[in-house]
Amino acid sequence: MSSQSREAKAERIRHLLETEGDAVKTNTRGFNQGRYDSVSKLDSYEDLRARAREIKEDAIDRLPELLDELEATVEANGGTVYIADDAADANRYVREVCRDEEADRLVKSKSMTSEEIEVNEFLEADGVDVVETDLGEWVLQVADEAPSHIVAPAIHKSREGIAELFNETFAPEEELETAEELTMFAREQLLEAIKGADVGMTGANFITADTGTLALVTSEGNARKSAVVPDTHVAVAGVEKVVPSVEDLQPFVELIGRSGTGQDITSYISLLTPPVESPTVDFDDADTPLADGETDRDFHLVLIDNGRMAMREDEELRETLYCIRCSACSNVCANFQSVGGHAFGGETYSGGIATGWEAGIEGLDTAAEFNDLCTGCSRCVDACPVNIDIPWINTVVRDRINRGTDHEFDWLVDGLTPDAEEGVDRQKRFFGNFSTMATVGSALAPLSNWVASTDLSRRLMEKTLGVDARRDLPSFERETFVDWFESRGPRVSATEADREAVVYPDVYTNHVQVDRGKAAVRALEALGVHVRVPDVPSSGRAPLSQGMLATAEEKAHALYGALAEHVDAERDIVVVEPSDLAMFDREYEKFLAPKSQERLSAASYEVMEYLYGLLENGGDPAALCVPGADDPGVAYHSHCQQRTLGLEGYTEAVLDRLGYDVVTSDVECCGMAGSFGYKSEYYELSMDVGSELEAQFSTAETRERRVVASGTSCLEQLDSMLARPSQHPVELVAPER
């Protein structure tokens, strides 16, 4: 990416932060909190997720068979099934239905699949008046804008903005202002449109192969009206929406509302087995009883491939087809909360799962436009009701994008980036090979730190590598953590220790934040642990974050090879940086043999988790550093991946056990996200995400407290935002040297 392209992207993000950010943030965070509240009431939540995942896996596995069954079922019911190869094929079929019906107007309920094929534009070009009947979609149709969210398409619109739009467009006798006035006005307009419609179109959240039943999950009643008021109903849906049976709908009905908008159940769950037998309504004949109306209806189910069957055969993209379009991955994502789907989205789909959809349906070029907004924090995995590994899909697509690029300044990083990749963007190669940079930086420190901080270096790095000049760069230590321990040696012998632990020297702990490594050693030794700090390779987190999968896998195997002897010897692996522990626990499943990954994961602990275990098993709290009488207390922020691993509570428990007064931030992301916050195109977004954490640690209750954070990126972001320094919690509790 050129410096001009980066600036164009940065300008686009700045614009969205200013114009749409507040509305998107308020609404997505509301949905996300609603999900937390609603899910907490479910004792069987994880069982439901597992069952939903199982059903989708089975359905996609047997998809050709289920499509045949569904076609036979619908035709036996009196309907017609058409399986369209692509968007153009689907649109041609729908156009023929409208021509056969001599339709002047078609009304639609909300359907992302219809957005995908752009059916509105196609039919309007053929003279059909297409009217969206979902309130949000209709607002966007009036405004001539694209949706910014899978479930709430107009989430970026404020009430004031909608009022201004309606008043300017429709010039009502009295200006509209309140939400009730806007809703009632829209209801009247749309009711008239539905009454005069010749064809109704819906999507389908799920379709059952055994009965041909469509499940429509909505917050408004417009979908039912669109389906049954006109005498011709066209349903468009991707082939992946088919599930085997009506009984299979149960877990999805329980999960989809909770996951998307935080509702225990959505306002309308419509199960239609068309063509329905209810009589059609003749609004021009008010004297004829409804029961005497015609019941002759036409139903057309248009099932769309458009790349899905190829995705089904793609081992890495296949999981995308399990998606139930709930939007949980959007609502939980800190970057999406700030800019919405107009930045974090492609031609149709938005949010974390959008990369898979857009890569499979539109191609890598479209996915490349927003793929880097996924920082791999993994919060979306825990939010997804069908347990899709969304960050992995994003990483795989990023790898494929990388392999299709070629850049003119690769020579700038070739000599310093001994990776296994070809054709990767120089910015990504730079960040993906940070372990090499750190090794060189430490070897040449302090000269390397001085050179990197000069104005000339910063301008050159910003222009060629996109490293934002407003960010402070890491300061490398001449004596690495490994060197320090080698010269110092252990202070607790293996013979007198109850436990033996290997402190894993991640790149930052080894080369930059060496003090936290030293503190980890002192804390463990204070509780009687024999410590080792081996010179081992990096975990591969840096190249993984840049989509450099071959390099990440190479490093994973090298690190496991180096740690295997310690695992064999039943030594515990203690990890200071949560993102590296997350690699062992999650991503290494993709790189290592199952038994190898399981052994490493089972033997590895986050450092504060490990201290908690030592204290619970008889360790003396007095051996650690306890607060003094005048201690101002602690303001604590946990790392994203520490939370997804369920480990943040251990730090709080240790600090509480030692007597610290702790205020824990409920902000879920600091915004730095490793290298993401260094990139010039994302600087403003990173700081916007971090602003809430800054505000929480600047209140009357927190501004005098010592700031501690568990992750490298969190510490860097806090240091950039706050006047007082931050530290890792292990530095707080470790005894003095």
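We number each residue from 1, following the sequence as shown.
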| Thr26 side chain to Asp22 backbone, donor-acceptor under 3.5 Å | yes
| With a 4.5 Å limit on heavy-atom distance, are the side chains of Met548 and Val424 in contact? | yes
| message | Is it true that Glu20 and His342 share a donor-acceptor pair across their side chains at a distance under 3.5 Å? | response | yes
| query | How close do Ser675 and Phe431 get, heavy atom to heavy atom, and via which atoms? | reply | CB-CD2, 3.4 Å
| request: Measure across Cys669 and Ala334 and return the closest heavy-atom pair with its distance rounded to 0.1 Å. | output: CB-CB, 3.5 Å
| task | Run through Arg470, Arg6, Arg12 and flag the one making a salt bridge (charged side-chain N to carboxylate O under 4.0 Å, His left out) with Glu684. | result | Arg470
| request: State whether the side chain of Asn402 and the backbone N or O of Gln546 hold a donor-acceptor pair below 3.5 Å, judged by distance alone. | output: yes
| request: Work out which heavy atom in Ser378 is nearest to a heavy atom in Gln641; give both atom names and the distance. | output: OG-NE2, 4.3 Å
| Where is the tightest heavy-atom contact between Met721 and Gly690, given as atom of each residue plus distance? | SD-O, 3.3 Å
| request: Can you spot which of Val707, Leu693, Thr664 makes a side chain to side chain contact (heavy atoms under 4.5 Å, CB included) with His637? | output: Leu693
| Pair Asp688 + Lys25: basic N to acidic O under 4.0 Å | yes
| query | Do Tyr349 and Glu116 have side-chain atoms, one donor and one acceptor, less than 3.5 Å apart? | reply | yes
| field | Gln696 side chain vs Thr702 backbone, donor-acceptor pair below 3.5 Å | value | no
| request: Keeping the roles fixed (side chain from Lys110, backbone from Leu135), state whether a donor-acceptor pair exists under 3.5 Å. | output: no
| field | Cationic N near anionic O, under 4.0 Å, Arg398 to Asp425 | value | no
| query | What are the two closest non-hydrogen atoms of Ser638 and Cys714, and how far apart are they? | reply | O-SG, 4.5 Å
| request: Answer yes or no: does atom CG of Asp365 have more than 12 heavy-atom neighbours from other residues, nucleotides or ligands under 6.0 Å? | output: no
| Would you say Glu692's side chain and Val667's backbone share a donor-acceptor pair under 3.5 angstrom? | no
| field | Side-chain (Lys9) to main-chain (Glu369) donor-acceptor, under 3.5 angstrom | value | yes
| Going by distance alone, is a donor N or O of one side chain under 3.5 Å from an acceptor N or O of the other, for Ser327 and Ser330? | no
| Side chain of Arg159, backbone of Ala179: donor and acceptor closer than 3.5 Å? | no
| task | State whether a side-chain donor-acceptor pair under 3.5 Å links Thr699 with Glu701. | result | no
| message | For a quick check under 3.5 Å, do Arg35 and Asn32 share a side-chain donor-acceptor pair by atom type? | response | yes
| task | To the nearest 0.5 angstrom, please state how far the CG atom of Leu140 sits from the CH2 atom of Trp138. | result | 11.5 Å
| query | Which value, rounded to the nearest 0.5 Å, describes the distance between Leu544 atom CG and Arg586 atom CZ? | reply | 13.0 Å
| message | For Trp357, does the six-membered ring have the charged nitrogen or CZ of Arg325 within the cation-pi criterion, i.e. under 6.0 angstrom from the centroid and within 45° of the normal? | response | yes
| request: Using a strict 4.0 Å threshold on nitrogen-to-oxygen distance, state whether Lys555 and Asp580 make a salt bridge. | output: no
| How long is the span from the CD atom in Glu648 to the NE2 atom in His639, to the nearest 0.5 Å? | 12.5 Å
| Once you round to the nearest 0.5 Å, how far does CD of Glu7 lie from CD of Glu681? | 10.0 Å
| message | Please check this pair: side chain of Thr355 against backbone of Asn394, looking for a donor-acceptor N/O pair closer than 3.5 Å. | response | no
| message | Would you call the rings of Phe31 and His149 parallel, tilted or perpendicular, taking 30° and 60° as the class edges? | response | tilted
| message | Is it the case that the side chains of Ser680 and Glu462 hold a donor-acceptor pair, with the cut-off being a distance below 3.5 Å and no angle test? | response | no
| query | Is there a donor-acceptor contact under 3.5 Å from the side chain of Asp134 to the main chain of Glu137? | reply | yes
